[in-house]
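For ligands, and for the atoms within them, numbers begin at 1 and follow the listed sequence.
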Amino acid sequence: MNQYQTPPIAPTQISFDVESGSMSPTGPTLIRRASDLKGCFKDEGALAELITNLNPEIYQVVSSIVPEVSRELPQSITTIRPGSVSGELFMTKGHQHPDPQGEIYFGLAGEGGVIMYDGHDTKWVEVQVGKIAYIPPGWAHRSINTGSSDYKFLAVYPGSAGHDYQWVLDHGMGLRAYFENGKLKLEDYK
Ligand code: S6P
Ligand code: ZN
């Protein structure tokens with residue numbers, strides 16, 4: 001054991017399967033349904049209706065065994081289902097890292113992207129297979145499925161970064177992503 005390992009994670013190989021969006025060995029899996037995204041979509045009435053009718057899964061996050069602790073480098077695969085609420089595309093809740101550090105997203109399948117917002121400026125970065133989106137320290141991020149199939153990406157982030165979801169509820173994301181007339185339309189948050 002060396003001085004930095006708290007707790008020790010042995011050098012290891014982690015497999016990921018794009019088809020199932022899974023990792024092996026597997027860590028925690030999180031499923032977020034429509035009811036977990038209250039406050040995220042503009043049309044709150046349409047979201048409430050969706051929750052009452054089906055409350056479908058909007059996305060899932062499968063983590064590897066690397067824990068979210070200082071000096072470790074956890075990874076996870078997010079799978080966002082295709083769909084929209086009154087035209088506003090299915091998205092993740094979005095968060096800010098309280099300990100501001102960079103993060104990378106590798107596109108694995110489908111079509112999507114990430115809205116980043118630093119409280120002043122907002123950016124849209126597409127995430128296709130074979131591309132990496134770089135999220136700099138201090139930029140809140142929310143992922144969007146812009147296609148008609150599952151959108152999947154692999155995230156790699158510092159274990160001590162933490163996740164602040166309230167920041168996005170309080171500040172918004174600068175932009176909203178809609179599917180309109182067959183294409184992506186980004187609008188001011190409002
Ligand atoms: C973690 C990284 C992703 C997200 C995941 C779900 O820092 O950004 O693994 O956690 O895409 O998004 P959210 O906003 O629900 O955590
Ligand atoms: Zn993050």
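Between the side chains of Gln101 and Ser160, at least one donor-acceptor pair of N or O atoms lies under 3.5 Å.
When each atom of ligand 1 is checked for a heavy atom of His141 under 4.0 Å away, the hits are 8 (O). Near Ser76, meaning under 4.0 Å from any of its heavy atoms, are these atoms of ligand 1: 9 (O).
Here the Zn ion (ligand 2) is the vertex; the OE1 atom in Glu103 and the NE2 atom in His97 give an angle of 70° (to 10°).
Given atom 2 (C) of ligand 1, the protein heavy atom at minimum distance is Glu103 OE2, 2.7 Å. In this structure, atom 4 (C) of ligand 1 lies nearest to the protein heavy atom His95 CE1, 3.7 Å. Of all protein heavy atoms, the one lying nearest to atom 16 (O) of ligand 1 is Tyr165 OH, 2.5 Å.
For the pair Glu57 and Arg81, the salt-bridge criterion is met [side-chain N within less than 4.0 Å of a carboxylate O].
If you look at Arg142 next to ligand 1, there are no close heavy atoms at all, none under 4.0 Å.
Looking at Tyr59 next to ligand 1, an N or O pair under 3.5 Å apart turns up.
Taking 4.0 Å as the cut-off, Gly94 counts as a neighbour of ligand 1 on heavy-atom distance.
The aromatic rings of Tyr157 and His97 lie parallel to each other, their planes meeting at an angle below 30°, with 60° marking the opposite boundary.
Environment of CD in Glu44: sparse, with no more than 12 heavy atoms of neighbouring residues, nucleotides or ligands closer than 6.0 Å.
Under a 3.5 Å cut-off, the side chain of Gln128 and the backbone N or O of Glu126 do not form any donor-acceptor pair.
When distances to the Zn ion (ligand 2) are checked against a cut-off of 2.8 Å, His95 contributes an N, O or S atom below that limit.
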